Amino acid sequence: MTASASRRIAIDIGGTFTDCVVVDERTGTLDVIKVPSTPDDPSRGFLDALARVTGGLGVDPADVSLVMHATTVATNAILEGNLARTAFVVTRGFGDILEIGRQVRPQLYDLESMKPEPLVARSLVFEVSERLDAEGRVVTPIDMADLAAAADGIAAAGVETVVVCFLHGYVDDRHERAAADHLRGALGAATYISASSEVCPQMGEYARACTALVNAGLVPHVSGYFARIGAALEAMGITGALQVMKSDGGLMPAALVVDRPVDIIESGPAAGVIGVAELARRNHFPRVVCFDMGGTTAKAGLLLDGQPILAPSFEVGARAQAGGGMARGGGYPIRAPMIDLVEVGAGGGSIAWIDGGGILRVGPRSAGASPGPVCYGKGATEPTVTDANVALGRIDPDYFLGGEIRLDRDRAWAAIEEKIARPLGLSVPAAALGILEVANATMLGALRMVSVQRGFDPAEFSLVCTGGAAGLQADTLMRQLGVADAVLPPSPGVGTARGMLFADVRREFRATLLRRLDAEGAGLAGAALETLTRRAQEAFATIALVETLGFAFAAELRFLGQSHQFLIPMANGVLAGDEPGDEIAALAEAFRAEHTRMYGFASPTEPIEIVELVVTVTSQLPRPAIAPLAPGTGNGGPALKGRRAIWFDADAAADTPIFARDRLGAGDRLPGPALVEAGDTTILVAPGSEARIDVAGNLTIALCAPAADASAPASAIAAPTRCEAPA
């Protein structure tokens with residue numbers, strides 16, 4: 001990397017398209033590239049996008065300061081059951097951990113409910129005599145003869161990776177470390193050896209085991225993937241650091257990610273939320289519902305005061321349900337932080353179908369990148385959400401991806417007629433509108449799950465939409481959810497890639513404590529926080545990009561005897577001092593307030609327990625300055641491209657003006673109906689809504705003022721009137 005390098009590249013690989021954003025740090029200008037994803041080898045899509053950067057855009061490889069990447073390589077390996085063959089070494093008597101699992105079922109009363117298959121076959125589970133108690137005291141010393149026999153069995157089995165997971169290894173890892181060291185010596189460098197305490201030093205042996213096993217199973221795939229990308233970058237002459245987006249919204253150098261691929265399972269969705277968070281901070285949106293709709297899935301999340309909500313764990317490998325969601329309890333628990341999102345199988349490529357009862361369904365199956373929707377003309381026959389929008393005139397067949405791909409509207413129309421309209425006795429426009437309505441219902445369920453079902457009033461929020469397919473559904477979802485407005489930031493179709501431009505290097509360190517929140521527990525917590533802070537400093541000392549570190553401290557608390565806890569921020573990492581009482585009282589008060597917000601009640605006398613301590617380390621990267629938008633004429637006149645007949649209802653198509661987004665200026669207002677087209681997405685403004693453009697380039701859709709009706713009761717909600725265009 002040269003001292004004058006000033007181009008930052010962010011690449012996100014989605015299920016349908018690979019998105020790339022290039023920012024010039026000197027001018028703030030952005031360039032956007034979309035290429036089809038390559039599911040057989042995602043790295044090809046990554047390299048195709050890079051080739052367009054150095055070829056089509058003419059960017060000098062030596063001018064690239066940083067390459068950021070969000071990838072589905074870990075997710076795909078899990079979904080395809082393509083984890084490495086792994087052996088599992090456990091405490092004697094606990095060889096059935098994976099078969100027993102948890103008493104959690106996807107559907108409580110489903111007598112045919114099936115548990116997920118164990119991550120390791122029983123023949124590859126090896127028991128070793130050893131035992132620690134819950135305080136970390138040695139009950140049974142580790143039996144080295146047992147361990148040697150296990151090493152012989154593992155060598156004969158021909159596995160790629162090994163995980164050691166002993167009982168209470170999260171309290172004291174001495175036995176796990178000893179076993180891992182012995183196995184490394186016995187099996188050689190060709191076999192990847194991991195101790196559960198290195199990956200997940202948290203209580204709960206099943207979740208800890210699953211986390212460590214999934215991590216180890218991903219290592220060969222992820223390391224090979226980044227080795228190919230690293231070699232290609234070097235061959236192209238790009239020496240800028242390669243940073244990978246993690247599930248928690250932070251970046252980490254690729255060289256460190258290869259040992260912790262479990263941290264990048266939800267890499268892409270996290271990047272999109274980070275971009276929305278930056279937009280919320282810059283535009284002073286205190287409360288935001290994030291919505292991302294791509295070609296395969298839609299995701300919803302929440303931002304409070306510009307900050308995403310983090311979940312300490314999630315599931316992978318759950319089966320999709322007909323309604324579009326994932327079956328809770330049907331996958332493998334992963335103890336790793338991720339941005340809290342609800343994901344449903346509803347995207348532009350989601351397939352519309354009729355079930356055995358004659359009911360129209362949309363998703364969770366997707367046409368993906370190949371063959372894609374019917375309108376792509378690649379042999380698909382089942383209509384999708386994108387086909388419905390094309391049939392209704394909402395997507396210009398000659399301007400998809402800025403004209404790079406020509407769509408076939410006649411094929412889309414015919415597929416909807418054959419597969420949906422004729423069987424249901426509907427016209428094609430009615431069937432296409434029905435497809436969108438069903439897809440919207442699935443996405444609305446996700447949006448309500450992260451807002452209404454968590455005790456928040458959507459009317460207090462803005463809906464910020466990203467993803468290539470979101471612009472066409474944003475207006476409808478805004479109305480149905482009841483939010484104040486819907487915001488489409490610049491280049492929303494590459495929102496995930498754009499979001500990485502505003503991410504920081506970040507990592508979380510945890511330790512289990514299980515002590516009461518009192519003077520004695522606070523003293524132990526203070527010592528544990530000091531240890532975690534030292535570990536964090538040592539880990540970040542090897543990262544070249546990091547110059548200054550920021551530390552945030554938190555504790556997971558619960559009432560004694562409860563099984564669910566809340567993560568409560570701490571003012572600093574010192575809980576015990578000369579006068580610890582005030583700090584203890586403040587932490588207890590914050591916990592009770594959160595418990596009351598969630599459950600409506602908090603006991604003022606019940607003792608509180610510290611479950612885990614968390615230290616989060618962040619190194620903020622420089623934020624690229626985005627160039628402001630030039631003033632417009634007020635009515636978007638210079639951006640008018642023409643007019644087209646678009647179906648808003650099944651009775652008749654409406655003559656609708658079409659605007660080019662890149663020619664709109666700050667202050668422009670577009671009354672609905674209108675379409676705004678860009679190379680990465682199309683935005684629909686329905687009748688009764690108005691789009692406004694601000695100086696940051698955001699397009700905000702809001703309902704027009706309601707029409708006055710003197711005869712209507714005061715409680716009635718008046719229908720919006722048609723907006724008037726500014727002179």
Side-chain angles (χ1 to χ4, degrees), residues 9-22 31-57 67 69-73 75-76 79-80 225 228-229 232 236 267-269 271-272 292-298 345 347-351 363 365-387 389-390 395-409 411-412 415 466-472 491-498 500 677-682:
I9 301 173
I11 299 177
D12 166 54
I13 297 179
T16 306
F17 287 102
T18 294
D19 301 335
C20 176
V21 172
V22 183
D31 288 296
V32 173
I33 292 170
K34 287 179 82 78
V35 299
S37 292
T38 52
D40 60 315
D41 180 4
S43 64
R44 287 198 296 111
F46 178 94
L47 298 176
D48 289 345
L50 269 184
R52 292 276 296 274
V53 171
T54 56
L57 297 181
V67 179
H69 184 28
T71 175
T72 57
V73 63
T75 311
N76 292 344
L79 294 177
E80 295 165 4
Y225 175 82
R228 293 194 299 275
I229 284 181
M236 295 174 71
S267 172
D292 182 289
M293 182 182 177
T296 306
T297 60
S350 293
I351 293 171
R365 288 191 304 125
S366 174
S370 180
V374 174
C375 59
Y376 282 18
K378 295 182 178 180
T381 59
E382 297 178 287
T384 66
V385 171
T386 295
D387 291 310
N389 277 310
V390 169
I395 295 177
D396 185 351
D398 296 324
Y399 194 68
F400 192 66
L401 290 187
E404 290 191 23
I405 298 177
R406 178 174 173 78
L407 305 180
D408 192 328
R409 183 171 183 264
R411 285 179 185 265
T466 57
L472 289 167
S491 307
V494 292
T496 296
R498 196 175 192 272
M500 280 185 278
E677 294 182 338
D680 62 307
T681 192
T682 300

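Owing to the predicted nature of the structure, the values given are computational and were not obtained by experimental measurement. The figures here come from the full heavy-atom set of this structure, side chains too, leaving out hydrogens, waters and symmetry mates.
- Atom CZ of Arg411 is separated from atom OG1 of Thr381 by 11.0 Å, given to the nearest 0.5 angstrom.
- Checking side-chain atoms of Arg409 against main-chain N and O of Val390 turns up a donor-acceptor pair under 3.5 Å.
- Put simply, OG1 on Thr18 and CZ on Arg44 are 10.0 Å apart, with the number rounded to the nearest 0.5 Å.
- Looking at Asp19, its side chain never comes within 3.5 Å of a backbone N or O of Val494 through a donor-acceptor pair.
- Between Tyr225 and His69, the ring-plane angle classifies as parallel under the 30° and 60° cut-offs.
- Distance alone, capped at 3.5 Å, places no donor-acceptor pair between the Ser37 side chain and the Ile13 backbone.
- Of all the heavy atoms in Asp680 and Ser491, the pair that sits closest is OD2-C, 3.1 Å.
- Thr386 is listed as a side-chain neighbour of Cys375, based on a closest heavy-atom distance under 4.5 Å.
- Defined by atom type and a distance below 3.5 Å, a donor-acceptor pair is present between the side-chain atoms of Asp387 and Thr384.
- At distances below 3.5 Å, at least one donor-acceptor pair connects side-chain atoms of Thr681 with backbone N or O atoms of Gly468.
- One finds the CG atom of Asp292 at 7.0 Å from the OG1 atom of Thr297 (value rounded to the nearest 0.5 Å).
- The shortest side-chain heavy-atom distance between Tyr376 and Leu407 falls under the 4.5 Å cut-off.
- For the residue pair Asp41/Ser43, the side-chain donor-acceptor check at 3.5 Å is satisfied.
- Taking all atoms of both residues into account, the shortest heavy-atom contact from Ala412 to Val374 is N-CG1, 4.2 Å.
- Heavy-atom minimum distance, Ile33 versus Ala49: CD1-O, 4.3 Å.
- The SG atom of Cys20 sits 9.0 Å away from atom CG of Asp31, with the distance rounded to the nearest 0.5 Å.
- Minimum interatomic distance between Met236 and Ala51 (heavy atoms only, all atoms of both residues): CE-N, 4.3 Å.
- The CD1 atom of Ile395 sits 9.5 Å away from atom CD of Glu677, with the distance rounded to the nearest 0.5 Å.
- Judged by distance alone, with hydrogens and angles left aside, the side-chain atoms of Ser267 form a donor-acceptor pair with the main-chain N or O of Thr71 at under 3.5 Å.
- Taking every heavy atom of both residues into account, Phe46 and Val67 meet most closely at CZ-CG1, 4.0 Å.
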Full working for side-chain contact (heavy atoms from CB on, under 4.5 Å) between Thr466 and Thr496: CA-CA 8 Å; Thr466 57; Thr496 296; 5.8 Å; no
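- Here the closest heavy-atom approach between residue Glu382 and residue Arg365 is recorded as OE2-NH2, 3.0 Å.
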